[in-house]
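Since the structure comes first, as structure tokens, the remarks are kept for the end.
Side chains included, hydrogens not; waters and symmetry mates left out as well; all remaining heavy atoms used. Naming convention: chains lettered A, B, ... in sequence-line order (proteins, then strands); numbering from 1 in each chain. Treat the numbers as computed from the prediction; the structure is a model and nothing was measured.
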Amino acid sequence: MLQEKIESLLARALERAALPVKLEGKVTASPRKEYGDFASSVAVAGARQLGQNPLELAGRLAGLLAELDRGQTASKIEVVKPGFINFFLKDEVVQDAIPEIIERDRAWGQGSGVKGQEEKILLEFVSANPTGPLHVGHGRWAVIGDNIARLLKAAGGRVATEFYVNNVGAQVENLEASVRAVRAGQPVPEGGYGGAYIKDVQGGTRKEMLAFLLGQQQETLRQLGITFDRWSYENELHDRGEVLAAVQKLRDLGATFEEGGATWFKAQELGDDKNRVLTREDGRPTYFAADIAYHLDKFARGYGRLIDIWGTDHHGYAPRLKAALKVLDQPADKFEIIIGQLVTLYRGGEPVRMSKRTGELITLQEVLDEIGADATRFFFSATDVNSHLDFDLELAKQRSVSNPVYYLQYAHARICSILRKSKVKSQKSKIDLSGLTYPAERELMLKLLAWPRLVAAAAAARQPHRVTEYGKELAIVFHHFYEQCRVLGNPGRLTLVDASRITLRNVLELLGISAPESM
RNA sequence: GCGCCUGUAGCUCAAUGGAUAGAGCAGCAGAUUUCUAAUCUGCUGGUUGCAGGUUCGAUUCCUGUCAGGCGCGCCA
């Protein structure tokens, strides 16, 4: 790719000048077109470290670069103010990179890899309690999780996804009691579930009730295009004795103490706020104990890297679990926890609480029914999961026609329409692209060619919203091109449009959003 | 009280420590005998909560402070 070419040139220049300066992240697309196509701040960054004048250093490097390149890649290499080096690529270098997009097609953007992370990855997300319908926050984790899985796979990673079903503990006992109470026409017990959905829960046994509710969750997720490679049930860990075995291991390692009849994990020595109970006074293990066993099981199943996505309401739980895994000699640095901030739902400007116990609950299913899977996925894919999200349902409905998701889909549909009308088929090779020199064409080509790099960066950062941002940018650049350049009858532009189609489709696919051929 | 996250345009959100902080929506003014106007062009809109610090350079890193969210169970 183009950026790699620049990086490689710079690396050789630095080597020749015998300058031990880190190049990583010091080559970027230029922020303004006056600054060329790519820019490097390596001279500014390295100047102090080397005790040199940044401008002089940049000048020296630029001279070496010109010498090494011999005008093959860059039409101009310039040095400006503080010491930036700007690269202006030759048109033919950009044009020559386009056929690869057509050749790679669905694989375009894939396999760029995440350096140093070749382990098998297990990605766990949603893992909602099977005590009611999924709420909007779950929808956010679900979409983000599914997108991260797609991203990691696209980057070449081996990823499996998993949903952990907490079918043991007080919450499921409360659920059963609530269902039975409502059926008997009695008020739900203290700590029970009062939602309207309780009366619709089917099943005569607790197991059947949980299966019914889990089935509803699965159906909602299916409508969102989300499936899991595996559903892990908490009760199986208990049944196999793995939970108590995990506690025993901690005991053997001297990481526990007994107090008040309970077994405690010495979490405080390991950075947690306080010590944590593993088995209660009556001998029953806590959720924490089961979760330790669960994560031991994940590593034992051969996964070298674990990624969990949790809601922010569980973030305080992270230190104890990490501490326990560390004590148990697990590779704690290979255990990532992504904390997702909550979604605050508004309806007509009024905040709606997302508690399972309020009557005013708005479920993920309702949101799906209102605005559709594509828009729901796009909306949750558009923001950094680490930021709070305010979402007004009325607003989403009102502007559903001008929702950004349609902007991307429309661009794709337009492209398909052009290609349908064209008599000439886009070809993989022997197409003369030398006519593509117009600014809008050049801008589009550069944007397309940035795709593989973006996939790798988004995967490494576990930030699917970068893909969404890229998609919006690409659609803008394409529409810009479309308004200015007539395509039909121009084989070079037709190839460019086909490359745009492939890239846009791959973007939408990575986000789990449909790419319609007509709208 | 302690901990984690957040604070950017009227609203919703972007911006690996880089150059003049960007989009969409909303508002205003325009564009269609032309491949899909679900589009495009232009304008309006900012002390990046506030105060310091580090740096050649800070929305980004550090300290303090204010505001909001979430935690601080022998619940999960």
Mind checking the OG-CG spacing from A:S500 to A:L474? Nearest 0.5 Å is all I need.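 Here the interatomic distance stands at 6.5 Å.
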OP1 or OP2 of [N] versus the side-chain N and O atoms of [X]: is any pair under 4.0 Å?
X      : N     : answer
A:H479 : B:A37 : no
A:R280 : B:C75 : yes
A:H388 : B:U12 : no
A:T312 : B:C70 : no
A:Y346 : B:C11 : no
A:Y407 : B:C40 : yes
A:K81  : B:U20 : yes
A:R414 : B:A37 : yes
A:K274 : B:C2  : no

Contact class for [X] (heavy atom, under 4.0 Å): base, sugar-phosphate, or nothing?
X      : answer
A:L278 : nothing
A:V44  : base
A:T468 : nothing
A:D273 : nothing
A:C416 : nothing
A:E517 : base
A:G311 : nothing

Taking atom CD as the centre, does A:E34 end up with more than 12 heavy-atom neighbours from other residues, nucleotides or ligands that are less than 6.0 angstrom away? yes
Does A:E517 have more than 12 heavy atoms from other residues, nucleotides or ligands lying within 6.0 Å of its CD? no
Closest nucleotide among [options] to the [X] side chain:
X      : options             : value
A:N386 : B:A37, B:A38, B:U6  : B:U6
A:Y406 : B:A23, B:A38, B:A37 : B:A38
A:S387 : B:U6, B:U36, B:A19  : B:U6
A:R486 : B:C70, B:C35, B:U39 : B:C35
A:K421 : B:C35, B:U39, B:C13 : B:C35
A:V487 : B:C13, B:U36, B:C35 : B:C35
A:Y317 : B:C70, B:U36, B:A76 : B:A76
A:D384 : B:G18, B:U41, B:A14 : B:A14
A:L342 : B:G69, B:U36, B:A76 : B:G69
A:H315 : B:C35, B:C70, B:U20 : B:C70

Separation of atom [atom1] in [X] from atom [atom2] in [N], rounded to whole Å:
X      : N     : atom1 : atom2 : value
A:E483 : B:A38 : CD    : P     : 11 Å
A:Q409 : B:U39 : CD    : C1'   : 15 Å
A:Q463 : B:C13 : CD    : C1'   : 14 Å
A:I85  : B:A19 : CD1   : P     : 17 Å
A:Q341 : B:G3  : CD    : C1'   : 13 Å
A:E469 : B:C13 : CD    : P     : 13 Å

Report the C-alpha separation of A:K472 and A:F378 in whole Å, then their side-chain angles, then the decisive distance to 0.1 Å, and conclude whether the side-chain contact (heavy atoms from CB on, under 4.5 Å) test is met. CA-CA 11 Å; A:K472 287 196 269 189; A:F378 188 88; 4.2 Å; yes
Taking the same atom, P, in B:U20 and in B:U41, what whole-Å distance lies between them? 25 Å
Strictly by Watson-Crick or wobble contacts shorter than 3.5 Å, is anything paired with [N], and which nucleotide is it?
N     : answer
B:U55 : none
B:A67 : B:U6
B:A19 : none
B:G73 : none
B:G46 : none
B:C40 : B:G30

Can you check whether A:Y35 stacks with the B:A19 base, using ring centres under 5.5 Å and planes within 30°? yes
A:F84 ring over B:A19 six-membered base ring, under 5.5 Å and 30°: yes
Is there a donor N/O on one and an acceptor N/O on the other, under 3.5 Å, for the side chain of [X] and the base of [N]?
X      : N     : result
A:H314 : B:A76 : yes
A:R32  : B:U20 : yes
A:N86  : B:A19 : yes

Just by modelled atom types, is the [Y] backbone N or O under 3.5 Å from a matching donor or acceptor in the [X] side chain?
X      : Y      : value
A:T312 : A:Q341 : no
A:N275 : A:A267 : yes
A:E234 : A:Y164 : no

Applying the salt bridge (Lys or Arg N to Asp or Glu O under 4.0 Å) test to A:E7, which of A:K26, A:K22, A:R453 qualifies? A:R453
